[in-house]
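To start, the structure itself, in structure tokens.
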Amino acid sequence: MYDYDLLVVGSANADLVIDVERRPAAGETVLGSDLAVHPGGKGANQAVAAARLGARTALLARVGDDAYGRLLLDSQRASGVDTVGVLVGGAPTGVALITVDPSGDNSIVVSPGANGRLTPADVRAAGGLFHASRVVSAQLEIPLETVVEVVRSLAPGSRFVLNPSPPRPLPAEVLAACDPLIVNEHEAKVILGESCVSEEPEEWARILLAKGPKSVVVTLGSEGALVASSEGFARIASVKVDAVDTTGAGDSFTAALAWRLGAGSTPAEAAAYAARVGAAAVTRRGAQESFPTAQEVEALCCADPGDDPRTPGRGPDSVPEDARQGDAL
């Protein structure tokens with residue numbers, strides 16, 4: 001019996017958000033809205049998203065002993081996340097600088113801060129959390145050696161989900177543990193490197209699977225998503241919505257997918273559910289504040305894909321950052 005449906009190991013940032021008419025070019029200054037501060041970070045986002053959906057969730061992360069750290073802890077607790085694994089101190093809380101244009105697209109620069117001090121020793125010290133968790137999810141806003149230690153700490157029978165964002169080449173040990181590896185186009189190409197000789201997502205998925213993951217999910221913008229494993233390939237359609245802000249949409253998708261897989265859904269079923277979660281998230285501003293409850297996701301259960309839908313997934317920032325009208329994955 002597991003105490004947690006999902007353990008998220010990853011980053012916790014304060015998101016500093018400014019709305020702009022257009023994102024600046026190199027050397028250019030543009031005026032924006034008043035600064036808004038939101039709790040964020042890919043790890044903290046995933047934990048909140050899963051807990052909002054009803055998953056029993058814990059977070060292993062590090063924040064600073066400062067106002068931003070307290071903001072993040074308050075947000076986790078208010079959403080029902082167990083923060084027993086959140087460490088405090090060692091560096092200031094990480095910060096993400098985010099600009100959002102009128103279409104809902106964003107650009108993000110991250111200062112890791114305390115996230116960079118989440119160490120393999122911290123992971124080893126949290127062994128009890130790993131043995132109590134059905135699924136473990138991670139990202140790459142924490143040191144890669146820490147993610148390697150996460151893989152080594154997995155309990156027998158647990159499932160590991162990785163969104164390699166920001167992308168970098170991954171060691172074979174990490175790739176082999178992924179079930180699934182969740183990538184957008186940019187992330188897939190970085191991981192594939194010289195192996196990426198095709199523009200066909202099915203070919204990316206085939207090569208990625210050959211590198212070791214048990215399954216792969218590729219988010220594909222207007223084309224939805226591709227779910228791939230040794231059992232075959234499945235396309236998942238987008239859900240059409242009027243997007244306001246795509247910040248955190250990819251994190252909500254990953255969290256929903258990880259939770260549903262742990263609950264016994266097939267990869268295609270889990271991805272279709274995650275598509276609705278991502279679609280609901282982009283209709284509100286902010287990251288964690290935008291994440292839907294299970295009841296709000298149910299309201300989208302009968303939504304039809306639009307004639308020209310877009311799902312988050314083609315941008316370089318995270319799993320689904322490209323949401324506008326039609327974003328779901």
Side-chain angles (χ1 to χ4, degrees), residues 2-11 42-47 49-50 55-61 81-82 85 118-120 122-184 187-188 191 205 208-219 225 227-231 250-267 269-271 274 318-319:
Y2 294 100
D3 294 327
Y4 302 106
D5 299 309
L6 179 64
L7 168 64
V8 182
V9 185
S11 58
K42 297 188 73 62
N45 286 351
Q46 287 185 16
R56 297 169 300 166
T57 308
L59 174 66
L60 174 57
V81 176
D82 191 334
L118 187 67
T119 66
D122 295 330
V123 171
R124 290 191 291 271
L129 283 176
F130 287 87
H131 285 277
S133 302
R134 185 184 305 276
V135 180
V136 177
S137 175
Q139 325 79 37
L140 298 184
E141 287 184 340
I142 57 175
L144 183 57
E145 59 265 28
T146 303
V147 177
V148 172
E149 191 62 35
V150 168
V151 168
R152 294 172 179 172
S153 300
L154 295 172
S158 66
R159 189 169 199 145
F160 180 62
V161 176
L162 177 66
N163 168 219
S165 179
R168 69 192 77 171
L170 296 172
E173 181 179 5
V174 171
L175 285 168
C178 295
D179 191 16
L181 175 72
I182 304 175
V183 293
N184 63 22
E187 292 154 2
I191 294 170
L208 286 171
L209 285 172
K211 290 180 177 291
K214 299 176 182 66
S215 60
V216 172
V217 175
V218 184
T219 57
V227 177
S229 70
S230 60
E231 298 178 356
D251 303 326
S252 67
F253 176 87
T254 298
L257 180 68
W259 175 49
R260 295 311 304 165
L261 286 171
S265 296
T266 67
E269 290 169 344
S318 72
V319 179

Query raised in the report: Which pair of heavy atoms, one from Arg260 and one from Ala270, lies closest together, and at what distance?
Result: CB-CB, 3.7 Å
Report summary line: Minimal heavy-atom distance between Ala47 and Val81, with the atoms involved, is O-CG2, 3.5 Å
Query raised in the report: Is there a side-chain contact between Asp82 and Leu129, using heavy atoms and a 4.5 Å cut-off?
Result: no
Report summary line: For Pro143, the side chain to side chain contact (heavy atoms under 4.5 Å, CB included) test, sequence neighbours excluded, returns Glu145, Thr146
**Report entry** Nearest atoms (heavy-atom pairs only) where Pro171 meets Val148
**Finding:** CG-CG2, 4.0 Å
Query raised in the report: How long is the gap from CG on Asp251 to CD on Gln139, to the nearest 0.5 Å?
Result: 7.0 Å
Query - Pair Val9-Leu118, side-chain contact (heavy atoms from CB on, under 4.5 Å): steps then yes or no - result: CA-CA 9 Å; Val9 185; Leu118 187 67; 4.2 Å; yes
Query raised in the report: What residues, two or more places apart in sequence or in another chain, satisfy side chain to side chain contact (heavy atoms under 4.5 Å, CB included) together with Glu231?
Result: Ser229
Query raised in the report: Does the side-chain contact (heavy atoms from CB on, under 4.5 Å) test come out yes or no for Phe253 and Asn163, once each step is laid out?
Result: CA-CA 10 Å; Phe253 176 87; Asn163 168 219; over 6 Å; no
Query - Leu162 side, atom CG; Leu175 side, atom CG - distance, nearest 0.5 Å - result: 8.0 Å
Report summary line: Between the CD1 atom in Ile182 and the CG atom in Leu257, the distance rounded to the nearest 0.5 Å is 4.5 Å
Report task. Flag the pair Val183 / Pro164 as yes when at least one side-chain heavy-atom distance between them is below 4.5 Å, and no otherwise. Result -> yes
**Report entry** From CG (Leu181) to CD (Glu187), nearest 0.5 Å
**Finding:** 8.5 Å
Query raised in the report: Which pair of heavy atoms, one from Gly43 and one from Val8, lies closest together, and at what distance?
Result: O-CG1, 3.3 Å
Requested in this report: Quick one: list whatever passes side chain to side chain donor-acceptor pair (under 3.5 Å) with Ser137, sequence neighbours left out.
Outcome: Gln46
Requested in this report: Taking Lys214 for its side chain and Cys178 for its backbone only, find out whether a donor-acceptor pair lies under 3.5 Å.
Outcome: no
Query raised in the report: Would you say Thr57's side chain and Ala55's backbone share a donor-acceptor pair under 3.5 angstrom?
Result: yes
Query raised in the report: What are the two closest non-hydrogen atoms of Ile142 and Gly10, and how far apart are they?
Result: CG2-C, 3.6 Å
Query raised in the report: If you look only at pairs with a residue in residues 168-177, which of them pass as a side-chain hydrogen bond (donor to acceptor under 3.5 Å, both in side chains), with sequence neighbours excluded?
Result: Arg152-Glu173
Query raised in the report: Under the side chain to side chain donor-acceptor pair (under 3.5 Å) test, which residues partner Asp5, sequence neighbours left out?
Result: Arg56
Requested in this report: Could you list the residues that satisfy salt bridge (Lys or Arg N to Asp or Glu O under 4.0 Å) with Asp122, not counting sequence neighbours?
Outcome: Arg62
Report task. Please name all residues satisfying side chain to side chain contact (heavy atoms under 4.5 Å, CB included) with Ala155, sequence neighbours left out, ordered by chain then number. Result -> His131, Ser158
Query raised in the report: Quick one: side chain to side chain donor-acceptor pair (under 3.5 Å) partners of Ser153, sequence neighbours excluded?
Result: none
Report task. Output the distance between atom CZ (Phe130) and atom CG (Leu154), rounded to the nearest 0.5 Å. Result -> 7.0 Å
Requested in this report: Enter the distance from Leu59:CG to Leu6:CG here, rounded to the nearest 0.5 Å.
Outcome: 9.5 Å
Query raised in the report: Excluding sequence neighbours, so at least two apart, what forms salt bridge (Lys or Arg N to Asp or Glu O under 4.0 Å) with Glu269?
Result: none
Requested in this report: With sequence neighbours left out, write down each residue that passes side chain to side chain contact (heavy atoms under 4.5 Å, CB included) with Ala49, or none if nothing qualifies.
Outcome: Ser252, Ala255, Phe291
Report task. Could you pull out the closest heavy-atom pair between Pro169 and Leu144, with the gap in Å? Result -> O-CD2, 4.1 Å
Requested in this report: List in chain and number order the residues that pass side chain to side chain donor-acceptor pair (under 3.5 Å) with Ser11, two or more places apart in sequence or in another chain; answer none if no residue qualifies.
Outcome: Glu141
**Report entry** Verdict with supporting geometry, Tyr2 and Val135, side-chain contact (heavy atoms from CB on, under 4.5 Å)
**Finding:** CA-CA 10 Å; Tyr2 294 100; Val135 180; over 6 Å; no
**Report entry** Val161 vs Pro180 side-chain heavy atoms within contact, under 4.5 Å
**Finding:** yes
